[in-house]
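Chain identifiers are assigned alphabetically (A, B, ...) following the order of the sequence lines, protein sequences preceding nucleic acid strands; residue numbering begins at 1 within each chain.
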Amino acid sequence: MANAQDHPFQLTNTLSRKKEPFIPLNPPHVGLYVCGPTVYSDVHLGNVRSFLTFDVLVRWLRHIGYTVRYVRNITDVGHLVGDEDAGEDKIAKRARLEQLEPMEIVQKYTNGFHDVMRLFNILPPSIEPTATGHLIEQIDMIERIMANGYAYEVNGSVYFDVPKYAEKHAYGELSGRKIDELVANTRGTEGQDEKRSPLDFALWKKAEKGHLMHWPSPWGEGFPGWHLECSAMSTKYLGQTFDIHGGGMDLKFPHHECEIAQSVAADGHAPVRYWMHGNMLTVNGRKMAKSEGNGFTPEELISGNHKLLERGYSAMTVRFFMLQCHYASTLDFSNAAMQAAEKGLQRLMAANEVLKGFTAKTPSAPSSAAEGFDVEALANACHAAMNDDLNTPVMIAQLFEGVRAINGAKAGTVALSQADIDTLRKLYDAMLFAVLGLREEAGTKQDEGLDAGLMDVLLGLRADAKNRKDFATSDLIRDKLAALGITVKDTKEGVVWERS
RNA sequence: GGUCGCGUGGCCGAGUGGCUAGGCACAGCUCUGCAAAAGCUGCUACUGCGGUUCGAAUCCGCACGCGACCUCCA
């Protein structure tokens with residue numbers, strides 16, 4: 001767009017805690033890495049929010065002309081369930097519970113994850129690497145770290161030496177932590193006596209007897225540490241330093257902090273130029289989390305079959321609901337908010353239909369009092385909002401300003417030129433579908449074969465009744481249809497119906 | 001306990017020190033056989049107390065309330 005130079009894309013870098021102009025390393029290419037799911041259970045709505053945030057980022061970067069290589073991993077090596085069950089990983093535990101091979105668990109929940117992503121119209125990444133597919137790279141990285149003296153081996157396990165690293169580097173810079181405080185606040189360390197410091201973290205864990213997932217390594221049979229895969233895979237596909245790394249707020253510490261340490265220790269470079277963290281989805285003010293048990297799955301959301309849900313909501317309603325909040329703010333889920341979002345989305349999409357339906361001529365003879373509308377200013381405002389740290393709520397607010405103009409043009413109170421209409425069409429098409437990633441939902445369209453035919457019959461009968469001024473009959477038909485969830489509207493252009 | 005963040009109208013949520021988003025709900029009007037939709041109009045808020053400033057929701061301090069992270073989590 002015209003003033004991309006004047007208003008470059010600004011992104012909050014959680015490393016500096018400031019909004020910074022986004023300048024990629026090798027324009028027009030952008031390297032983006034996002035931490036993906038651990039595939040040991042169903043994804044819930046909180047997970048969806050995070051992936052949605054980065055989906056909008058990718059869509060926007062591409063919209064303003066960048067070529068994005070988007071890498072989002074699948075964590076398919078289980079990691080420790082908790083202190084008590086040290087030795088058993090989440091995937092192995094699940095495999096035992098469901099009596100499946102660990103890789104069946106991985107495949108099952110990977111498939112489920114992909115289904116959910118499609119449901120919410122979240123674009124697939126360019127590369128979706130798996131931890132188990134990159135053991136060679138991970139082992140190689142451990143060797144580089146050891147060669148540089150930042151890791152040590154104990155009984156077939158390898159640990160990262162955090163105090164050693166902190167002598168020369170800023171461990172804790174991302175999450176704002178200080179080494180002394182971390183040491184002072186460390187919780188129980190039993191079962192971790194192999195570590196020299198409680199802050200040290202595993203790069204490689206020796207597999208105990210009976211452990212299902214393990215691979216050979218220079219240190220014996222074992223499996224990689226949780227933080228390592230992201231470092232190894234981002235380095236492989238995006239280079240030792242790349243543009244943007246994203247993930248949920250809850251991954252900042254220790255996960256992302258460890259990633260920085262691993263990369264610096266292995267290759268001597270800070271891996272990431274811009275760190276980006278999405279905030280949490282909350283329910284009644286508390287974080288939605290697997291461990292809190294307050295999450296619901298997308299299936300439950302759509303069916304409404306969950307005690308927190310008054311009724312079901314469509315995937316696009318949820319998407320729109322989330323986009324009406326800035327990604328860096330917490331967002332609280334509530335039925336009232338969902339219903340408000342649903343109405344708003346309907347109005348927005350309906351206005352887009354009105355816009356598409358305008359004929360070549362001016363939509364409706366504007367009255368002499370019709371006001372003009374600055375379409376250019378609207379387009380610029382949308383662009384500026386997105387460039388301002390992906391401010392989707394402000395961008396959506398602008399689209400609603402446009403809705404008034406579109407509906408006003410139809411009503412004859414706003415004058416739009418053909419050029420205005422063309423600009424608006426392009427703008428709405430781009431913002432609604434390409435950038436916000438909304439899509440028309442099935443079931444609201446009027447041209448669906450049998451349904452459409454049946455409706456034509458009923459509405460034909462109703463029109464006859466109306467012509468005879470038999471309003472009792474015409475209203476009866478409308479009321480009965482309303483009871484079935486179909487709204488009939490008599491507009492100037494004719495009768496329209498839609499499912500609610 | 002440590003670190004970080006938040007507290008905006010009936011609800012959800014933006015907000016760069018002055019021009020006081022937007023959505024939903026609500027009320028009135030227009031259109032309409034009625035309804036729906038749409039348009040117009042109305043509804044002016046920033047947890048509390050101090051301070052800085054000509055001027056603060058926005059900056060600073062204190063208090064209260066809430067949350068996140070510190071342990072697997074997006």
Under 4.0 Å between a side-chain N or O of A:K287 and OP1 or OP2 of B:G67?
no
Please compare A:P37 and A:V488 by the position of their nearest nucleotide in RNA chain B and report the one closer to 5'.
A:V488
Excluding sequence neighbours, so at least two apart, what forms side chain to side chain donor-acceptor pair (under 3.5 Å) with A:R286?
none
Rounded to the nearest Å, what distance is computed from the CG atom of residue A:D475 to the P atom of nucleotide B:C34?
11 Å
Could you give the CG-to-P distance, from A:D490 to B:A36, as a whole number of Å?
12 Å
Between A:R196 and A:D200, does at least one N-O distance fall below 4.0 Å, as a salt bridge requires?
no
Pairing check on B:C49: which nucleotide meets the Watson-Crick or G-U wobble criteria with it, both distances under 3.5 Å?
B:G61
How many Å lie between CG on A:N335 and P on B:G23, as a whole number?
22 Å
Complementary nucleotide of B:A27, counting Watson-Crick and G-U pairs under 3.5 Å:
B:U41
Footprint string (nucleotides 15-22 of chain B, 5' to 3'): B base within contact, S backbone only, - free, heavy atoms under 4.0 Å
S-----BS
Does B:A14 have a Watson-Crick or wobble partner in any strand here, with both distances under 3.5 angstrom, and which is it?
none
Nearest to the A:R462 side chain among B:C12, B:A74, B:G33, which nucleotide is it?
B:G33
Between B:G67, B:C70, B:G33, which nucleotide gets closest to the side-chain atoms of A:P254?
B:C70
Using Watson-Crick or G-U wobble geometry with both distances under 3.5 Å, which nucleotide pairs with B:G9?
none
Could you state the NZ-P distance from A:K469 to B:U32, rounded to the nearest angstrom?
12 Å
Using atom P in both nucleotides, what's the gap between B:A35 and B:U30 to the nearest angstrom?
12 Å
Have a look at A:G247 and say if it touches a base, only the backbone sugar-phosphate, or nothing, with a 4.0 Å heavy-atom cut-off.
sugar-phosphate
Answer yes when A:D470 and A:R462 have at least one side-chain N-carboxylate O distance shorter than 4.0 Å, and no when they do not.
no
Of all the choices, B:G13, B:G33, B:G23, which nucleotide is nearest to the side chain of A:C325 once you look at every atom?
B:G13
Taking the side chain of A:R478 as its heavy atoms from C-beta onward, which of B:A74, B:C34, B:U3 lies nearest to it?
B:C34
Could you measure between the two P atoms, the one in B:A25 and the one in B:A36, and give it in whole Å?
12 Å
A:Y109 OH to B:A74 P: how many Å, rounded?
14 Å
Distance-only donor-acceptor test, A:R49 side-chain atoms vs B:A74 base atoms, 3.5 Å
no
Using the P atom as the reference point in each nucleotide, state the distance between B:C54 and B:U71 in Å, no decimals.
48 Å
Quick one: on RNA chain B, does A:V403 or A:H255 contact a more 5' nucleotide (nearest heavy atom)?
A:V403
Heavy atoms under 4.0 Å, any strand shown: does A:N407 hit a base, just sugar-phosphate, or nothing?
sugar-phosphate
Would you mind reading off the distance between A:M249 atom CE and B:C6 atom C1', rounded to a whole angstrom?
10 Å
Ignoring hydrogens and angles, are the base of B:C12 and the side chain of A:D332 linked by a donor-acceptor pair under 3.5 Å?
no
With the threshold set at 4.0 Å, does a side-chain nitrogen-carboxylate oxygen contact exist between A:E440 and A:K356?
yes
Here the distance between atom P of B:G65 and atom CG of A:N284, to the nearest Å, is 20 Å
Donor/acceptor link under 3.5 angstrom from A:R17 side chain onto base of B:C4
no
Students often get this wrong, so: under 4.0 angstrom with heavy atoms, is A:F253 touching a base, only sugar-phosphate, or nothing?
sugar-phosphate
State whether the side chain of A:D76 and the backbone N or O of A:A131 hold a donor-acceptor pair below 3.5 Å, judged by distance alone.
yes
Whole-Å P distance, B:U47 and B:U16:
15 Å
Given the side-chain rings of A:F320 and A:Y313, with only the six-membered ring counted for Trp, is the space between their centroids under 6.0 Å?
no
Watson-Crick/G-U partner (both atom distances under 3.5 Å) of B:A68
B:U3
Hey, is the main chain of A:N284 close enough, under 3.5 Å, to the side chain of A:D332 for a donor-acceptor pair?
yes
A:F296 ring center within less than 6.0 Å of A:H44 ring center:
no
Crowding at NZ, A:K178 (>12 non-hydrogen neighbours, <6.0 Å):
no
P atom, B:G39 versus B:G48: distance in rounded Å?
35 Å
Is a salt bridge present between A:R425 and A:D420, judged by a nitrogen-to-oxygen distance below 4.0 Å?
no
For B:A35, what is the paired nucleotide under Watson-Crick or G-U wobble rules, both distances under 3.5 Å?
none
Take atom C1' in B:G61 and the same atom in B:U52, then report the distance between them in whole Å.
11 Å
A:K343 side-chain N/O to B:C12 phosphate OP1/OP2 under 4.0 Å:
no
Counting the atoms with a prime plus P, OP1 and OP2 as sugar-phosphate, which does A:L331 contact under 4.0 Å by heavy atoms, base, sugar-phosphate, or nothing?
sugar-phosphate
What interatomic distance, in whole Å, is found between P of B:G13 and the corresponding atom of B:C24?
16 Å
How close or far is atom C1' of B:A36 from atom NZ of A:K410, stated in whole angstroms?
12 Å
For the side chain of A:H44, starting at C-beta, report the closest nucleotide among B:G39, B:A68, B:A74.
B:A74
Provide the distance between the two C1' atoms, one in B:G51 and one in B:U58, to the nearest whole Å.
15 Å
Could you tell me the Watson-Crick or G-U partner of B:A21, where both distances fall under 3.5 Å? Say none if there is no partner.
none
Pairwise side-chain contact, A:Y159 with A:W204, heavy-atom cut-off 4.5 Å (strictly under)
no
A:T487 side chain, from C-beta outward: closest of B:A36, B:C69, B:A74
B:A36
